[in-house]
Amino acid sequence: MPGPLIKDMFITPIAITDPPLLNAAGLHAPYALRTIVELITDDGISGISEIPGNSSIDEALELSRDLLMGKDVFQLNEIRQVLTQYFGTEKASQRGDAPWDQRKLVHIFSAVEVACLDIIGKVTSRPVVDLLGGKMRDRVPFAAYLFYKYEGAGGELAFGTDPAATGWAAARQAAALDPVGIVAQAKAMCQEYGFQSVKLKGGVFEPRTEVDTMFALHDAFGPGIPLRVDPNAVWEVETAIKYGREMQHILEYLEDPVRGQENMAKVRKELNIPFATNMCTTSFEDIPRSIQLGSEDIILSDHHFWGGLRSSITLSGICETFGRGLSMHSNSHLGISLAAMVHLGAALPAVPYALDTHYPWQSDEVIVGGRIKFEEGAVSVPTGPGLGVELDREALEVLHRQYLKCGLKKRDDEIEMQKKVPGWKFKAVRW
Ligand code: GKR
Ligand code: MG
């Protein structure tokens with residue numbers, strides 16, 4: 001018996017408060033954009049997903065509406081084929097040079113697949129993790145994700161702060177522009193969430209400052225804490241070798257120090273430390289060359305741009321075959337994405353590295369019950385059917401109005417940075 005069949009689709013762009021975080025491409029805007037997708041079946045079941053917000057991806061999603069109507073949610077292979085036939089294939093190079101992925105089709109696959117899996121889970125009364133092969137762990141560990149940042153809470157306050165904030169909410173709005181500021185941020189975040197691994201977003205200041213920051217973290221947390229730094233590929237090969245040698249004894253892994261698989265392979269040969277990427281090996285098309293060159297040890301998957309949760313499971317098999325570790329990349333996000341990441345993390349054969357998440361930087365939520373809880377740095381796998389989280393329609397409406405009001409249509413960290421440093425330009429390789 002076929003079905004349930006897709007009868008309706010709602011695409012809702014939202015804007016969520018985001019503090020002024022720095023990265024290699026500039027500065028986060030006061031709002032990060034996300035898009036919430038909801039599919040409704042002919043028998044009234046709703047399935048949801050969340051992807052990075054971008055008006056051109058939303059327009060493409062809108063174009064896929066007619067293709068999806070009447071499709072059986074279980075026929076994910078056919079749905080993917082129909083979308084590919086319509087949109088054509090996408091080249092890995094369309095990812096772009098920015099730290100985040102700019103492709104359309106992979107995000108559409110992900111949005112549709114996750115919402116369908118949510119429905120399938122509801123129909124079969126099983127959590128999504130069971131549709132991915134079953135649960136290998138009850139809790140999925142995440143890492144503290146630190147950012148250099150200007151003072152500011154983001155949102156309406158922008159560079160202003162709320163004097164009434166306490167604890168992590170206060171620390172989140174404080175400036176962190178040097179090693180002392182980052183150590184304070186790390187302590188506050190770890191105290192609130194219980195994280196046991198720490199990642200610093202680098203590529204912001206000249207490398208000496210960032211390396212000093214890593215040593216300051218090492219001194220503050222002691223030798224047992226797994227540390228990572230991610231310059232988002234803006235270092236030269238020589239820079240990465242020099243500073244990589246200096247830091248290698250304190251790092252768990254080095255993430256995207258240089259641009260492109262060739263350069264990553266060159267630097268990796270000179271160092272005695274695992275390399276991770278969410279920038280040089282980001283699609284199945286990139287895998288053969290990655291294996292040939294040896295560009296990384298760990299692929300930081302992201303179901304939003306690897307084409308969904310099932311593709312990420314396929315990637316995990318490839319990683320196992322070729323001796324790659326698999327972990328997870330993140331951008332600013334809310335609880336629907338987090339729930340999907342947790343189901344995937346729970347289904348992976350092994351989780352050797354705590355996963356990335358930006359979640360502590362967000363204060364809004366779009367799911368019933370509000371913000372997802374972390375315990376000792378980990379999130380428990382939702383046990384309800386499907387994703388195990390439900391859309392809070394009032395919150396969705398508020399965040400959609402925030403989107404309309406803020407006027408942003410896509411992420412552009414260069415423009416935001418120019419508000420602080422007039423004339424600032426993104427450079428694909430800086431130091
Ligand atoms: O949000 O500034 C940011 C990050 O730099 C993000 O865009 C990256 O995609 O977190 C990401 C990474 O690990 O490269
Ligand atoms: Mg990265």
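Read the numbers this way: they start at 1 and go in the same order the structure lists the ligands and their atoms.
Taking only nitrogen or oxygen atoms, main chain and side chain alike, Met279 does not reach within less than 3.5 Å of ligand 1. Considering backbone and side-chain atoms together, Asp356 places no N or O closer than 3.5 Å to any N or O of ligand 1.
Here Met328 has no heavy atoms under 4.0 Å from ligand 1, in either its backbone or its side chain. Within the 4.0 Å heavy-atom criterion, neither part of Leu21 lies near ligand 1. With a heavy-atom cut-off of 4.0 Å, Leu300 does not touch ligand 1 at all. Within the 4.0 Å heavy-atom criterion, neither part of Arg228 lies near ligand 1. Heavy atoms of Asp101 found under 4.0 angstrom from ligand 1: none, in either backbone or side chain. Contact annotation for Ser330 and ligand 1: only backbone heavy atoms (N, CA, C, O) come within less than 4.0 Å of the ligand. In Asn331, the part holding a heavy atom less than 4.0 Å from any atom of ligand 1 is the side chain.
Short contacts between ligand 1 and His28, defined as distances under 4.0 Å to a heavy atom of the residue, involve ligand atoms 1 (O), 2 (O), 3 (C). Of all atoms in ligand 1, numbered sequentially from 1 with element shown, those under 4.0 Å from a heavy atom of Lys201 are 4 (C), 5 (O), 8 (C), 10 (O), 11 (C), 12 (C), 13 (O), 14 (O). Those atoms of ligand 1 that come under 4.0 Å of a heavy atom in Tyr145, given as number and element, are 4 (C), 10 (O), 11 (C), 12 (C), 13 (O). For ligand 1, the atoms sitting less than 4.0 Å from at least one non-hydrogen atom of Asp230 are 12 (C), 13 (O), 14 (O), numbered in the order shown with element in parentheses. Interface atoms of ligand 1 facing Asn232, defined by a heavy-atom separation under 4.0 Å, are 5 (O), 12 (C), 14 (O). In summary, the atoms of ligand 1 found under 4.0 Å from a heavy atom of Arg411, numbered by their order in the structure, are 1 (O), 2 (O), 3 (C), 7 (O).
Remark: Arg411 qualifies as a cation-pi partner of Trp100 under the 6.0 Å distance and 45° angle criteria applied to the six-membered ring. For Arg208 and Tyr243, the positive end is not near the middle of the six-membered ring at less than 6.0 Å and at most 45° from its axis.
Salt-bridge formation is detected for the pair Arg259/Asp97: a Lys NZ or Arg NE/NH1/NH2 atom is positioned less than 4.0 Å from an Asp or Glu carboxylate oxygen. Salt-bridge formation is not detected for the pair Lys242/Glu246: no Lys NZ or Arg NE/NH1/NH2 atom is positioned less than 4.0 Å from an Asp or Glu carboxylate oxygen. Salt-bridge annotation for Glu296 and Arg268: absent, with no side-chain N of the basic residue lying under 4.0 Å from a carboxylate O of the acidic one. Remark: Asp230 engages Lys199 in a salt bridge, criterion side-chain N to carboxylate O under 4.0 Å.
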Table please: side-chain donor-acceptor pairs of residues 171-179 below 3.5 Å, with sequence neighbours left out.
from	atom 1	to	atom 2	distance (Å)
Arg172	NH1	Pro360	O	2.9
Arg172	NH1	Gln362	O	3.1
Gln173	OE1	Asp162	N	3.0
Gln173	NE2	Asp162	O	2.8
Asp178	OD1	Val180	N	3.4
Asp178	OD1	Gly181	N	2.8

Would you mind writing out the side-chain donor-acceptor pairs for residues 414-421 within the sub-3.5 Å range, not counting sequence neighbours?
from	atom 1	to	atom 2	distance (Å)
Glu414	OE2	Phe426	N	2.9
Glu416	OE1	Lys419	NZ	2.8
Glu416	OE2	Lys419	NZ	3.4
Gln418	NE2	Trp424	O	2.8

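Not one N or O on the side chain of His28 forms a donor-acceptor pair closer than 3.5 Å with the backbone of Asp413. Without hydrogens or angle criteria, Thr277 side chain to Cys280 main chain gives a donor-acceptor distance under 3.5 Å. Arg95 places no side-chain N or O within 3.5 Å of a backbone atom of Thr282 that could act as its donor or acceptor partner.
In Lys405, the NZ atom is not crowded: 12 or fewer heavy atoms of neighbouring residues, nucleotides or ligands sit closer than 6.0 Å.
Nearest protein heavy-atom neighbour of atom 8 (C) of ligand 1: His329 NE2, 3.5 Å. Shortest contact from atom 2 (O) of ligand 1 to any protein heavy atom: Asn23 ND2, 2.5 Å.
Sorted by first and then second residue, the salt bridge (Lys or Arg N to Asp or Glu O under 4.0 Å) pairs involving residues 18-29 (not counting sequence neighbours) form an empty list.
In summary, the aromatic rings of Phe205 and Tyr148 are positioned with their centroids under 6.0 Å apart.
Within the protein, the N, O or S atoms sitting under 2.8 Å from the Mg ion (ligand 2) are Asp230 OD2, Glu255 OE2, Asn278 OD1.
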